[in-house]
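In what follows, a single structure is set out as structure tokens and then discussed.
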Amino acid sequence: MGKKVVLSGNESIARGALESGITLATGYPGTPSTEILEYIAAKAGRDVHAEWAVNEKVALETAVGASYSGVRALCCMKHVGVNVAADPLVTLAYTGVRGGLVLVAADDPGMHSSQNEQDSRFYAKFAKIPLLEPSDAGEARDMVRDAFILSEKTGLPVMLRTLTRVSHTSEPVEFSPVKKQKKPKLDVNRREWVMVPAYARVRHKILNQKQGKLIKYSEESGYNNVVKGGGELGVIASGVCFSYAMEFHQGDYSVLKIGSYPLGEKLLKNFLEGKKEILVLEEGEPFVEDQVRCLHPNVKGKRTGDIPLEGELTPEIVSLALGRKQVINQGSGIKLPQRPPVMCPGCPHRGSFYALKQNQPLIVTGDIGCYTLGVQKPLEALDTCLCMGASIGKAAGMSHSGAESVAAVIGESTFLHSGITSLMSAAYNQANILVLILDNSSVAMTGQQPTPATGVNIRGERTKKISIEEVCRSCGVDSVDVINPYRVGEMKELIGKRLGQDGVRVIVARAPCVMLGGVFGGDRYVVGDCNACRKCLELGCPAISFDEKEHRAAISHLCIGCGVCAQICPFDAIKKTK
Amino acid sequence: MISDILIVGVGGQGIILASDILSNAALRQDLNVKTTETHGMAQRGGSVVTHVRLSNSDIYSPLIPKGNVDVLIAFEPLEALRYLDYVSKETFIVVNSNPIKMHDYPDMDSILEELGGRNALVVDALELAGEAGNVLTQNIVLLGASSSHLPLKREILKETIKQMVKRAVDENLKAFQLGVKAWNVP
Ligand code: SF4
Ligand code: SF4
């Protein structure tokens with residue numbers, strides 16, 4: 001027996017990939033997928049190339065290069081990352097793969113840390129590739145190993161769909177030995193790899209011919225199986241929902257566990273036979289349910305309202321749908337205020353937002369990162385957030401539609417991910433916008449991963465450092481300024497000046513994320529002779545509160561001493577202390 | 001036998017380390033364990049919750065069904081109230097008395113009153129962690145204080161703490177011990 005270690009679903013996926021003898025692992029950070037690559041970078045030997053790609057499309061293309069070279073490659077991203085990688089993904093099913101290629105798509109039902117709840121299973125169906133969906137961490141490891149084998153057997157990329165509740169659930173997982181890596185071998189075949197129409201037509205047919213086999217493999221996989229029970233109810237449960245179905249299992253219903261797609265009719269029909277009623281449990285859209293609905297007259301699920309269409313499933317939802325007795329507990333009698341996430345005390349974005357707001361731009365288009373939290377009161381600093389990199393395009397569109405004084409706010413990692421092309425387009429098409437690039441030297445929201453602008457790779461080693469200023473200049477913008485966002489007064493003045501000018505103006509506000517540590521040398525601030533004007537509260541720093549009893553502002557031990565509040569206090573009441 | 005532990009608090013308070021210690025201690029003691037955590041956005045000072053399930057038989061759902069919690073460990077008093085629908089009359093509750101305030105924070109007396117009729121132990125983890133020599137060990141103080149109601153041996157918990165905390169091992173062990181003794185304080 002191998003040694004047992006407590007692993008999260010993500011670590012377990014990583015372990016499965018290492019045990020499969022991967023040569024390359026790539027991806028872009030995004031909750032709930034981030035820890036997969038971090039684990040690989042920390043645990044793999046030098047013979048595994050691990051990297052943060054600049055975005056998910058590049059990540060998948062890099063993995064394709066490895067696969068064409070005959071070696072195994074893992075590619076990881078959150079669900080919305082697959083949108084970015086969709087272009088290569090769909091045609092990759094035509095060209096096929098050589099070395100096994102597994103694409104991990106981490107869905108986030110309930111949107112714990114995402115902008116939508118899209119269901120990645122549709123991508124697998126859309127691209128006509130096999131999909132595996134683990135129900136827990138241990139199974140995730142096994143599935144990754146089988147996914148590599150399946151990928152090579154079918155010549156197709158295989159998608160592994162994980163969920164927040166699988167990726168971030170830990171349990172003991174037993175280690176198996178690590179397989180030897182494959183020897184690289186570049187066997188060029190233009191008819192397979194060059195998707196011009198004449199060759200692509202042939203490859204499309206080949207892809208279609210593979211489909212029957214995919215169903216057969218899926219049925220033989222051992223991941224779709226039945227837990228027998230009495231009664232006339234049949235429960236079909238995919239992924240983590242299997243664990244909810246089993247939590248309440250007392251032998252009074254049978255469970256068909258789904259872990260491998262595409263689903264064949266034979267499997268479903270065998271299970272449905274003789275059952276009076278079917279309940280389908282799945283995270284995301286009614287994907288399995290719609291297929292089952294064609295085969296059985298009495299199906300309960302998301303379409304019937306027995307299971308909600310939005311959000312994440314819980315044991316309570318499942319037990320209710322199963323008709324189990326509900327435990328109703330009294331919650332708190334007090335009205336509890338919400339505690340949404342906020343930018344950290346001392347976060348450099350706070351100064352940037354404050355200075356921007358003081359200049360009252362007509363609109364601030366936002367982007368994805370910690371700074372999106374600036375939408376909340378009291379800052380209310382941005383007005384839109386759509387997808388990675390969208391701030392600049394939206395701002396340009398508004399400018400071309402007649403709006404003046406438009407500002408876009410984007411983090412440096414998001415800018416490198418997918419803001420560069422929009423900046424170039426805005427400059428080329430002569431938009432009049434201000435682009436504020438918040439450069440905190442990391443992908444902060446997902447845990448301070450390095451970016452090309454950090455000059456450090458995933459293993460923490462020095463590498464080339466990309467200059468944001470130079471990139472912007474090359475895109476043809478009209479001006480580039482770099483400023484320290486903790487100097488609120490200077491920042492406010494500069495934004496005021498640039499916001500009034502024509503053309504595309506870039507301001508890079510540069511200061512490291514405070515979670516990278518040790519920026520302010522341990523000083524803290526205290527409120528002295530407070531006039532109760534509440535100006536400092538406009539920053540929304542979690543360390544500052546207003547003591548109604550004493551009728552004065554107060555700074556708690558959460559203060560890390562950035563000094564921004566002291567700069568904006570009109571009465572000079574906030575002072576530094578040791 | 002299944003033992004369900006809910007750990008609640010505010011992002012950044014060290015809850016994930018606490019649940020990692022529990023799950024690794026469970027492995028040492030040959031128990032099955034599942035823990036499920038909040039990562040990502042909520043870690044930026046939002047309300048966070050970790051479910052820990054320990055058992056000598058199979059564990060299915062990673063989420064504890066409401067009403068089933070055996071031990072609630074609250075790193076912050078208001079957050080204890082937020083999850084009261086998970087507890088029952090029998091639930092043992094350990095609460096850190098130090099609030100992390102925000103707008104509209106209810107007054108402490110009403111929070112304590114609400115916990116009053118229950119099997120709750122209120123611990124000043126900040127003070128005990130300070131006494132242990134490091135205010136960052138509040139999470140370990142709270143583990144110590146709840147240990148009497150966990151199916152894990154204290155010696156195993158201490159061994160696991162030694163293995164898992166990277167810095168200030170002695171302070172962490174002392175924090176655990178001070179938490180254990182918090183029991184005896186009236
Ligand atoms: S993690 Fe960094 S960037 Fe994010 S809120 Fe905190 S200080 Fe700001
Ligand atoms: S100096 Fe002021 S703004 Fe900065 S962290 Fe402390 S209280 Fe917050």
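These numbers were taken from a predicted model, which means no experiment stands behind them. To find a chain, count down the sequence lines: A is the first, B the second, and so on, and within it residues start at 1. Excluded from the calculations below are hydrogen atoms, water molecules and symmetry mates; all remaining heavy atoms, backbone and side chain alike, are included.
Close approach to chain A, defined as a heavy atom under 4.5 Å from one of its heavy atoms, is seen in no residue of residues 135-153 of chain B.
Within 6.0 Å of CD on A:Glu548 lie more than 12 heavy atoms contributed by other residues, nucleotides or ligands.
Interatomic distance, A:Gln115 CD to A:Ile368 CD1, rounded to the nearest 0.5 Å: 3.5 Å. A distance of 13.5 Å separates OH in B:Tyr60 from CZ in A:Phe248, rounded to the nearest 0.5 Å. Separation of atoms CG (B:Leu157) and CZ (B:Phe176) is listed at 4.5 Å; rounding is to 0.5 Å.
Across A:Thr372, A:Val342, A:Thr169, A:Val166, the residue that shares the most heavy-atom pairs under 4.5 angstrom with chain B is A:Thr169. Of the listed residues A:Pro340, A:Gly331, A:Gly9, A:Ser170, the one with more heavy-atom pairs under 4.5 angstrom with chain B than any other is A:Ser170. Contacts with chain A were tallied for B:Glu114, B:Lys101, B:Gln43; B:Glu114 has the most, counting heavy-atom pairs under 4.5 Å. Here B:Pro62 is the residue among B:Pro62, B:Gly11, B:Gly67 with the most heavy-atom pairs under 4.5 Å with chain A. Contacts with chain B were tallied for A:Gln338, A:Glu247, A:Glu171; A:Glu247 has the most, counting heavy-atom pairs under 4.5 Å. Heavy-atom pairs under 4.5 Å with chain B were tallied for A:Pro542, A:Pro315, A:Ser243, A:Gly30; the largest tally goes to A:Ser243. Among A:Pro337, A:Ser114, A:Ala137, A:Cys347, the residue making the largest number of heavy-atom pairs under 4.5 Å with chain B is A:Pro337. In terms of heavy-atom pairs under 4.5 angstrom with chain B, the leader among A:Gly333, A:Cys344, A:Ser556 is A:Gly333.
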B:His51 vs B:Tyr86, test: ring-ring contact (aromatic ring centres under 6.0 Å, His included). Steps then yes/no.
CA-CA 11 Å; B:His51 298 238; B:Tyr86 275 89; 5.7 Å; yes
Chi angles and distances behind the side chain to side chain contact (heavy atoms under 4.5 Å, CB included) call for A:Lys257, A:Ser135:
CA-CA 9 Å; A:Lys257 173 183 174 297; A:Ser135 62; 3.8 Å; yes
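Within the 4.5 angstrom heavy-atom criterion, atoms from both the backbone and the side chain of B:Ile100 approach chain A. Only the side chain of A:Leu558 comes within contact range of chain B, with at least one heavy atom under 4.5 Å from a heavy atom of that chain. Only the backbone of A:Leu313 comes within contact range of chain B, judged by heavy atoms closer than 4.5 Å. Contact of B:Leu81 with chain A is made through backbone and side chain together, with heavy-atom distances under 4.5 Å. For a residue to count as touching a neighbouring chain, one of its non-hydrogen atoms must lie under 4.5 Å from one of that chain's; by this rule A:His168 touches chain B with backbone and side chain alike. Only the side chain of A:Leu373 comes within less than 4.5 Å of a heavy atom in chain B; its backbone stays farther off. In this structure, the portion of A:Asp136 lying under 4.5 Å from any heavy atom of chain B is its side chain and not its backbone. Only the side chain of A:Cys370 has a heavy atom closer than 4.5 Å to any heavy atom of chain B. Residue B:Glu37 touches chain A through both its backbone and its side chain, counting heavy-atom pairs closer than 4.5 Å. With a 4.5 Å cut-off on non-hydrogen atoms, A:Thr31 touches chain B through its side chain but not through its backbone.
B:Arg44 and A:Ala444 get closest at one heavy-atom pair: NH2-O, 2.8 Å. For the pair B:Leu54 and B:Leu22, the tightest heavy-atom approach, listed with the atom from each and the gap, is CD2-O, 4.5 Å.
For the residue pair A:Glu35 / A:Asn10, a side-chain donor-acceptor distance below 3.5 Å is found, with atom types taken as modelled. Between B:Thr36 and A:Arg165, the side chains place a donor N or O and an acceptor N or O closer than 3.5 Å (distance only, hydrogens not considered). Side chain to side chain, B:Asn56 and B:Asn32 fail the donor-acceptor criterion of an N or O pair below 3.5 Å. Judged by distance alone, the side chains of A:Gln326 and A:Ser319 do bring a donor and an acceptor atom under 3.5 Å apart. Residues A:Tyr28 and A:Ser413 have side chains that bring a donor and an acceptor to within less than 3.5 angstrom of each other.
Figure legend: cation-pi geometry between A:Arg552 and A:Phe546 absent, as NZ or CZ is not positioned both under 6.0 Å from the six-membered ring centre and within 45° of its axis. Both tests pass for A:Arg15 against the ring of A:Phe175: distance under 6.0 Å to the centre and angle within 45° of the axis.
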